[in-house]
Amino acid sequence: MNKRYLGKTLEWLLGDNNQPFEYTHHAVLLVASVLYLCSAVFNYGLELTSAFNIYLQYALSLLILMIWYLSRWKMQFHAMRFVFIGLVVLVSIPANWIGNAGSNGPTYLMIFGCLSYISVSFKDLGWYRRLGQLFCIIIPIPLILIEKHYPDIIFQYATEEQKQFDLTFAFIIMGLFLVVMMESLSTRFKLERAKAETLAEQLRALSEKDALTGLFNRRMLDKEFLTWKGHQPIFSLALLDLDHFKYQNDQWGHSYGDEILKSFSALLQETAARNKGLAIRQGGEEFVLLLPLSLDDTYRELKYLAESFRTTDLEHGPVTFSAGIAENTATDNESDLLKRADKLMYQAKDAGRNRICR
């Protein structure tokens with residue numbers, strides 16, 4: 001129960017985990033908002049920075065929360081990640097330098113954290129990522145020049161003890177941020193891998209299944225025949241063809257033709273499942289049934305299938321099929337078995353249709 005509620009809460013906060021980049025970025029935003037709030041409270045309590053910088057940290061905490069809201073709930077993810085990094089690089093870093101002891105304070109740690117974040121989270125942005133990295137690397141240069149020429153605007157620590165407190169706290173905050181960021185990156189990798197595996201499975205299913213009927217396609221027959229040949233001592237292959245299907249299709253339309261195909265496929269799938277066999281749409285109105293049964297047992301299953309299909313409630317009356325059954329022999333390959341079943345199926349059609357030949 002608790003796990004389900006946790007999952008629902010994370011989904012509400014972070015979004016769909018099928019979008020790994022957005023999911024983990026929202027986590028980083030929420031953590032950054034909390035860390036800015038903690039910094040403001042800590043700095044206020046110990047008077048480690050200017051009042052302006054404390055108010056700015058409160059404001060940044062609220063602004064980052066607003067960025068999270070717009071990204072998570074207003075579908076502005078791509079724009080908001082630029083806004084977030086711009087806010088940190090162009091506002092927070094310079095303000096922290098001036099309001100928190102300049103080159104003697106913790107701003108270098110913040111720059112390092114920002115550089116790390118851009119490097120791991122903006123891999124898809126090409127030159128924008130490079131420009132962000134370059135900016136983080138060179139931004140201390142103008143800040144040091146400002147400190148050198150206008151030292152009076154830089155807030156300085158009152159005591160060495162204050163400096164030690166602030167640097168230690170800044171290290172802890174940045175350490176927590178980096179841990180969360182790397183954990184988010186690891187989570188993102190796992191989610192992307194799971195998504196890739198799911199997509200690969202879906203593509204595999206699409207490559208092996210017929211979209212209309214849900215039955216396996218000819219590719220699956222080619223794949224499974226060798227397995228059956230090596231592990232099934234007895235099996236039979238039935239080739240089935242719906243009678244007068246083209247007439248039904250032309251007379252009543254393709255939608256009705258699709259309804260016939262799906263109804264027949266459902267019964268075919270039931271037969272395959274009941275006997276641990278394989279139901280395949282060969283193409284058009286032609287189907288293959290591969291069953292681990294003898295010729296006689298397969299014949300009985302097809303007779304039952306024919307009766308079930310004949311009594312299926314179709315809008316324009318019953319539809320029948322013709323079939324040929326061939327039992328595997330030691331010398332048969334897939335082509336041999338199909339040819340024998342195909343020949344028997346045409347015998348059934350020539351004999352007047354609605355027949356099963358073996």
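Computed over heavy atoms, backbone and side chain alike; hydrogens, waters and symmetry mates excluded.
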| task | Compare all side-chain heavy atoms of S322 with those of N354 and state whether any distance is below 4.5 angstrom. | result | no
| Under a 4.5 Å cut-off applied to non-hydrogen side-chain atoms, are H244 and V319 in contact? | no
| said: Donor-acceptor check, side chain of S61 to backbone of Q57, threshold 3.5 angstrom: yes or no? | reply: no
| query | How far does CG of L143 sit from CD1 of I93, to the nearest 0.5 angstrom? | reply | 8.5 Å
| query | So, does R81 use its side chain to make a donor-acceptor pair with the main chain of F77 at under 3.5 Å? | reply | no
| message | Taking atom CZ as the centre, does F82 end up with more than 12 heavy-atom neighbours from other residues, nucleotides or ligands that are less than 6.0 angstrom away? | response | yes
| field | Taking every non-hydrogen atom, the tightest pair across F169 and C38 | value | CZ-O, 3.9 Å
| remark: In terms of heavy-atom contacts, L167 and L109 come closest through O-CD1, 4.3 Å
| task | Decide side chain to side chain contact (heavy atoms under 4.5 Å, CB included) for I356 and Y299; before the verdict, give the C-alpha distance in whole Å, the side-chain angles of both, and the deciding distance to 0.1 Å. | result | CA-CA 7 Å; I356 303 167; Y299 178 78; 3.7 Å; yes
| message | When you compare the side chain of H26 with that of L13, does any pair of heavy atoms fall below 4.5 Å? | response | no
| Distance, nearest 0.5 Å, that separates CG of N43 from CZ of F155 | 9.0 Å
| request: For residues F84 and Y117, establish whether the separation of their ring centroids is below 6.0 Å. | output: yes
Can I get a per-line list of side-chain donor-acceptor pairs under 3.5 Å for residues 125-142, giving both atom names and the distance, sequence neighbours left out?
unit_1, atom_1, unit_2, atom_2, d
R129, NE, S119, O, 3.0
R129, NH2, S119, O, 2.9
R130, NH1, Q133, OE1, 3.1
Q133, NE2, S119, OG, 3.0

| message | Quick check: do N328 and L237 have side-chain heavy atoms less than 4.5 Å from each other? | response | no
| said: Under a 3.5 Å threshold, yes or no: a donor from one side chain and an acceptor from the other, between S71 and H25? | reply: no
| Hey, mind stepping through N53 and S50 against side chain to side chain donor-acceptor pair (under 3.5 Å) and telling me if it holds? | CA-CA 5 Å; N53 203 36; S50 65; 5.3 Å; no
| remark: Sorted by chain and residue number, the side-chain contact (heavy atoms from CB on, under 4.5 Å) partners of M182 (sequence neighbours excluded) come out as L185
| field | Aromatic plane relationship, W73 with W12 - under 30° parallel, 30 to 60° tilted, over 60° perpendicular | value | tilted
| field | Shortest non-hydrogen contact between L178 and S116, atoms and distance | value | CD2-CB, 4.0 Å
| query | Could you state the interatomic distance from CG (L70) to CE (M75), rounded to the nearest 0.5 Å? | reply | 12.0 Å
| remark: Heavy-atom nearest pair, L302 first then A238, reads CD2-CB, 3.8 Å
| query | Going by heavy atoms in the side chains, are Y69 and K74 under 4.5 Å from each other? | reply | yes
| query | Can we call the ring centroids of W97 and Y108 under 6.0 Å apart? | reply | yes
| query | Can you find a heavy atom in the side chain of F216 that is under 4.5 Å from one in the side chain of L221? | reply | no
Under 3.5 Å, which donor-acceptor pairs link side chains of residues 341-350 to any protein atom two or more places apart or in another chain?
unit_1, atom_1, unit_2, atom_2, d
K349, NZ, D241, OD2, 2.8
K349, NZ, D243, OD1, 3.4

| field | Backbone N/O of S103 and side chain of T107: donor-acceptor pair under 3.5 Å | value | no
| task | Say whether T329 and D332, considering side chains only, have a donor N or O and an acceptor N or O under 3.5 Å apart. | result | yes
| When you check the gap from the basic side-chain N to the acidic O, do D222 and R218 get nearer than 4.0 Å? | yes
Show me the side-chain donor-acceptor pairs of residues 285-294 shorter than 3.5 Å, one per line, residues at least two apart or across chains.
unit_1, atom_1, unit_2, atom_2, d
S294, OG, D297, N, 3.3
S294, OG, D297, OD2, 3.4

| query | Within the distance-only criterion (no hydrogens, no angle test), does the side chain of N275 pair as donor or acceptor with the backbone N or O of T271 below 3.5 angstrom? | reply | yes
| message | What's the separation between atom CG in N333 and atom NZ in K229, rounded to the nearest 0.5 Å? | response | 7.5 Å
| request: Determine, for D250 against K246, whether the closest basic-nitrogen to carboxylate-oxygen distance falls under 4.0 angstrom. | output: yes
| Has E183 got more than 12 heavy atoms of other residues, nucleotides or ligands less than 6.0 Å from its CD? | no
| request: Would you sort out whether F309 and Y304 count as a ring-ring contact (aromatic ring centres under 6.0 Å, His included), showing the intermediate values? | output: CA-CA 9 Å; F309 190 47; Y304 179 77; over 10 Å; no
| request: With the side chain counted from C-beta on, respond yes when L56 and V91 share a heavy-atom pair under 4.5 Å apart, and no when they do not. | output: yes
| query | Under the salt bridge (charged side-chain N to carboxylate O under 4.0 Å, His left out) rule, what pairs show up with a residue in residues 155-178, not counting sequence neighbours? | reply | none
| query | Any Lys/Arg nitrogen of E334 or K339 sitting under 4.0 Å from an Asp/Glu carboxylate oxygen of the other? | reply | no
| said: Would you say K209 and N217 are linked by a side-chain donor-acceptor pair, where the criterion is simply a distance under 3.5 Å? | reply: no
Quick one: side chains of residues 253-264, donor-acceptor pairs under 3.5 Å with protein atoms, not counting sequence neighbours, listed by atom name and distance.
unit_1, atom_1, unit_2, atom_2, d
H254, ND1, N249, ND2, 3.2
Y256, OH, H316, N, 3.0
S263, OG, E259, O, 2.9

| query | Roughly how far apart are F321 CZ and F245 CZ, rounded to 0.5 Å? | reply | 15.0 Å
